[in-house]
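Reckoned from all heavy atoms, side chains included, excluding hydrogens, waters and symmetry mates. Throughout, residue positions are numbered sequentially from 1 according to the sequence presented.
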Amino acid sequence: ITMVDDCNRLVVEIKQGEARGFGFTIQQKVFNTETQEYELKPFDLTGMEVHFQVKIAPYFNLPSLIDKIISETSSEVAVGLISYPTEGKFKVQITEQEALRNPYDYALIITVVDKDTKYIISGEGNTSGIFRVCKQ
């Protein structure tokens, strides 16, 4: 379960030391020429990777506290899995050890990688996603 805060930032919450999986669905706005309106359609993840990073702040040059590369063949139990690529669905698994952090709002950076192209889907800078560790 994920949520959005008052600033429309993606927020993922976990309790200290809790092993937990999170499911995501990526959608994109597509213009429908018949209706002349934008529609939300699943983002096709076929053949792509999802890079899931948690950092102390949202800067690329900082080391990651959690760093996972999720694909259609990654371990669903240990890392996560692109479970339904044509529907834009993937899961990430957070281990007890990874959740043993001080309560804090860490930066969450989720990037979709398609060969040499990267799409940041969790926001950037002050609007980056939040990985919130709550007291047990």
Side-chain angles (χ1 to χ4, degrees):
I1 296 173
T2 55
M3 61 182 212
V4 176
D5 71 0
D6 293 339
C7 297
N8 275 340
R9 290 180 298 194
L10 172 66
V11 178
V12 174
E13 287 187 349
I14 193 165
K15 290 182 182 170
Q16 278 179 306
E18 174 185 49
R20 186 166 173 201
F22 295 93
F24 296 87
T25 301
I26 303 173
Q27 296 181 319
Q28 62 184 338
K29 278 186 179 179
V30 177
F31 189 73
N32 183 326
T33 54
E34 291 179 21
T35 63
Q36 296 293 303
E37 294 180 1
Y38 282 96
E39 300 173 349
L40 286 177
K41 301 269 184 172
F43 185 87
D44 190 349
L45 294 170
T46 302
M48 299 186 191
E49 292 180 339
V50 176
H51 201 174
F52 183 95
Q53 297 174 297
V54 175
K55 299 183 176 214
I56 195 77
Y59 304 113
F60 290 107
N61 59 344
L62 289 176
S64 297
L65 304 171
I66 299 173
D67 199 332
K68 295 179 181 274
I69 296 176
I70 302 161
S71 69
E72 293 172 74
T73 59
S74 55
S75 168
E76 183 173 4
V77 175
V79 178
L81 183 70
I82 295 177
S83 48
Y84 297 97
T86 58
E87 296 175 27
K89 294 180 183 279
F90 73 94
K91 300 173 187 174
V92 65
Q93 295 293 334
I94 304 300
T95 66
E96 290 177 19
Q97 191 65 33
E98 290 167 331
L100 280 176
R101 308 221 170 270
N102 289 328
Y104 186 74
D105 281 358
Y106 298 90
L108 173 62
I109 302 168
I110 303 175
T111 309
V112 173
V113 181
D114 181 13
K115 296 177 184 124
D116 295 332
T117 306
K118 296 181 179 182
Y119 307 96
I120 300 170
I121 61 168
S122 57
E124 297 181 70
N126 290 337
T127 62
S128 73
I130 295 171
F131 185 83
R132 180 171 291 150
V133 177
C134 303
K135 286 185 179 182
Q136 181 63 306

S.K.: Taking the six-membered ring where the residue is Trp, are the ring centres of Phe90 and Phe52 under 6.0 Å apart?
M.R.: no

S.K.: Which atom pair, heavy atoms only, marks the closest approach of Met48 to Phe43?
M.R.: SD-CE2, 3.8 Å

S.K.: Measure across Glu98 and Gln93 and return the closest heavy-atom pair with its distance rounded to 0.1 Å.
M.R.: OE1-O, 3.8 Å

S.K.: Quick check on the hydrophobic clustering: are Ile14 and Ile56 connected, directly or via other members, by side-chain heavy-atom contacts under 4.5 Å?
M.R.: yes

S.K.: Is it true that Tyr119 and Val92 fall in one hydrophobic cluster, defined by side-chain heavy atoms closer than 4.5 Å?
M.R.: yes

S.K.: If you measure from OG on Ser71 to CD on Glu49, what distance do you get to the nearest 0.5 Å?
M.R.: 6.0 Å

S.K.: What's the shortest heavy-atom distance between Ser122 and Ile110, and which atoms?
M.R.: OG-N, 2.8 Å

S.K.: Linking I/L/V/M/F/W/Y whenever any side-chain heavy atoms sit under 4.5 Å apart, do Phe24 and Leu40 land together?
M.R.: no

S.K.: Taking only residues two or more places apart in sequence or in another chain, which ones pass side chain to side chain contact (heavy atoms under 4.5 Å, CB included) with Lys89?
M.R.: Thr25, Ser83, Tyr84, Glu87

S.K.: If Ile, Leu, Val, Met, Phe, Trp and Tyr residues are connected whenever their side-chain heavy atoms lie under 4.5 Å apart, and connections chain through other members, are Ile120 and Ile130 in the same group?
M.R.: no

S.K.: Calculate, to the nearest 0.5 Å, the distance between atoms NZ and CD belonging to Lys41 and Gln27 respectively.
M.R.: 10.5 Å

S.K.: Over 60° means perpendicular and under 30° means parallel, so classify the ring planes of Tyr106 and Tyr104, tilted if in between.
M.R.: perpendicular

S.K.: Counting only heavy atoms not in Gln97, do more than 12 fall under 6.0 Å of its CD?
M.R.: no

S.K.: Does some side-chain heavy atom of Glu72 sit less than 4.5 Å from a side-chain heavy atom of Thr46?
M.R.: yes

S.K.: What are the two closest heavy atoms between Glu39 and Thr35, and how far apart are they?
M.R.: OE2-OG1, 4.1 Å

S.K.: Among Asp105, Leu10, Ile94, which residue meets the side chain to side chain contact (heavy atoms under 4.5 Å, CB included) test with Phe131?
M.R.: Ile94

S.K.: When rounded to the nearest 0.5 angstrom, what distance separates CD1 in Ile70 from NE2 in His51?
M.R.: 9.0 Å

S.K.: Distance from Thr111 atom OG1 to Gln53 atom CD, nearest 0.5 Å?
M.R.: 6.0 Å

S.K.: Looking only at non-hydrogen atoms, find the nearest pair between Thr73 and Leu81 and report the distance.
M.R.: N-CD1, 4.1 Å

S.K.: Identify the residue among Leu62, Ile66, Asp67 that makes a side chain to side chain contact (heavy atoms under 4.5 Å, CB included) with Ser64.
M.R.: Asp67

S.K.: Taking Ala78's backbone N and O only, do any of them form a donor-acceptor pair with Lys68's side chain (distance below 3.5 Å, no angle check)?
M.R.: yes

S.K.: Would you name the heavy atoms of Ala99 and Val133 that are closest together and state the gap between them?
M.R.: O-CG1, 4.1 Å

S.K.: Are more than 12 heavy atoms from other residues, nucleotides or ligands located less than 6.0 Å from atom CG of Asp116?
M.R.: no

S.K.: Using the rule that two of Ile, Leu, Val, Met, Phe, Trp, Tyr join whenever any of their side-chain heavy atoms come within less than 4.5 Å, decide whether Ile121 and Tyr59 are in one cluster.
M.R.: yes

